[in-house]
Amino acid sequence: MKKFTICMLLLALALSTVLVGCGNGDDSSAVSTESKAEESKTESKAEESKAEESADASADASTDASADASTDASTDDVKVMTYAEYAAAEVDAAVVIEAYVQAKQSWWDNKATIYTQDKDGAYFIYEMSCSEEDFAKLVPGTKIRVTGFKTIWEGEVEIASGSTFEIIEGADTYIAEPVDLTDVIATEDLINYQNQLAVFKGMTVEKVEFKNGEPGDDIYVTLGLNGASYSFCVERYLTDPETDVYKTVSTLEVGKVIDVEGFVYWYKGSNPHITKVTVVQ
């Protein structure tokens, strides 16, 4: 009887062990399957993310390329303008003009500042890209084509720093005669002659003042006409201390009457840059 009971207990124990072993095997398989599913989902997200990044990169590259192309075309698509078209152009607009060199103000670090003019109007070119060798070729009368952007500084309309130019080989030459603006100096119409070579006659010297208080720098000149006073300047980069005009203006006495020529430059109002002075009395 005891032997039978022991046998029955051993059999029951064996069956229990088998059942437990089978249950553990099923749980392991479920965990493994779930883990693989999660890994597959993560990989799928990673692939989607990479695809999105690639698409974004392509879009950015396309946008940049379009922007570059637009910038390159901003001046390439502009035709040579008449003076009227240049004057009507908006500030910061791309411009292309053809004009004749009238005077060279300065050159440094491959940048040239010059006065140019044609028969219809004048253009002040500020810090145009220019080698020293090419600067020597820009003699008065030379016709050039300038490509750049229109800007304005303290009222002075100019072609901005960084413009480029080419000398028009075989072109005619032109030196402007000064236009008499004596009767225009007191009117609002004067600005329409901005940067042109002009003459103002019968002006009375009211004040001569050196920038920084001594010769060698710019000279600020106040001239009177019909009870009103006007500012002029001897720009030392345009007419340096060794030029006749600088020496003449340096010795002008208050009360002298002069005829004065210069470019109708603008700085918070008219401020012609003097290029020639004739003492009348």
Asker: Considering only Ile, Leu, Val, Met, Phe, Trp and Tyr, and joining two whenever side-chain heavy atoms are under 4.5 Å apart, list the other residues clustered with W108.
Answerer: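 Members alongside W108: none; it stands by itself.
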
Asker: Using atom types as modelled and distance alone, determine if a side-chain donor or acceptor of W107 lies under 3.5 Å from a backbone N or O of E127.
Answerer: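 Checked: no pair found.
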
Asker: Output all residues satisfying side-chain hydrogen bond (donor to acceptor under 3.5 Å, both in side chains) with S231, sequence neighbours left out; order by chain, then residue number.
Answerer: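 With sequence neighbours excluded, S231 shows a side-chain hydrogen bond (donor to acceptor under 3.5 Å, both in side chains) to no residue whatsoever.
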
Asker: State whether E90 and K150 are salt-bridged, where the test is any N-O pair (Lys NZ or Arg NE/NH1/NH2 against Asp/Glu carboxylate O) under 4.0 Å.
Answerer: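 The answer is no: the pair does not qualify as a salt bridge.
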
Asker: With a cut-off of 3.5 Å and sequence neighbours excluded, list every side-chain donor-acceptor pair involving residues 259-271.
Answerer:
residue, atom, partner, partner atom, Å
D259, OD1, G202, N, 2.9

Asker: Do T113 and Q105 meet the criterion of a side-chain donor-acceptor pair at a distance under 3.5 Å?
Answerer: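 No pair is found: no donor N or O on one side chain lies under 3.5 Å from an acceptor on the other.
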
Asker: Under 3.5 Å, is there a donor-acceptor pair between the side chain of E206 and the main chain of T204?
Answerer: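 No.
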
Asker: Step through it carefully: locate the ring centre of F232, locate the ring centre of F200, and say whether they are under 6.0 Å apart.
Answerer: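 Ring centroids of F232 and F200 are less than 6.0 Å from each other.
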
Asker: Counting only heavy atoms not in Y230, do more than 12 sit closer than 6.0 Å to its OH atom?
Answerer: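 Enclosed: over 12 neighbouring heavy atoms sit under 6.0 Å from OH of Y230.
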
Asker: Any side-chain donor-acceptor pair under 3.5 Å between D218 and Y237?
Answerer: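 No, no side-chain donor-acceptor pair sits under 3.5 Å.
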
Asker: Using a 4.5 Å cut-off between side-chain heavy atoms of Ile, Leu, Val, Met, Phe, Trp and Tyr, which other residues end up in the same hydrophobic cluster as I168?
Answerer: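 Same cluster as I168: nobody, lone residue.
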
Asker: Report all side-chain donor-acceptor pairs from residues 247-254 shorter than 3.5 Å, counting only partners two or more places apart or in another chain.
Answerer:
residue, atom, partner, partner atom, Å
T248, OG1, D244, O, 2.9
S250, OG, Y246, O, 2.7
T251, OG1, K247, O, 3.4
T251, OG1, T248, O, 3.0

Asker: Name the atoms and distances for all side-chain donor-acceptor pairs under 3.5 Å in residues 184-191, with sequence neighbours left out.
Answerer:
residue, atom, partner, partner atom, Å
T187, OG1, V184, O, 2.8
T187, OG1, D189, N, 3.3
D189, OD1, N192, ND2, 2.4

Asker: CG of N226: more than 12 outside heavy atoms within 6.0 angstrom?
Answerer: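 No, CG of N226 has 12 or fewer neighbouring heavy atoms, counting only those of other groups under 6.0 Å.
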
Asker: State yes or no: are the ring centers of Y123 and Y83 separated by less than 6.0 Å?
Answerer: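 Yes.
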
Asker: Are N195 and E156 close enough that a side-chain donor and a side-chain acceptor fall under 3.5 Å?
Answerer: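 Present: a donor and an acceptor within the cut-off.
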
Asker: Could you check whether any side-chain heavy atom of T142 comes within less than 4.5 Å of a side-chain heavy atom of T173, counting everything from C-beta outward?
Answerer: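 No; the side chains remain at least 4.5 Å from each other.
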
Asker: Quick one: does F165's side chain get under 4.5 Å of L138's, heavy atoms only?
Answerer: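 Yes, close enough: below the 4.5 Å cut-off.
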
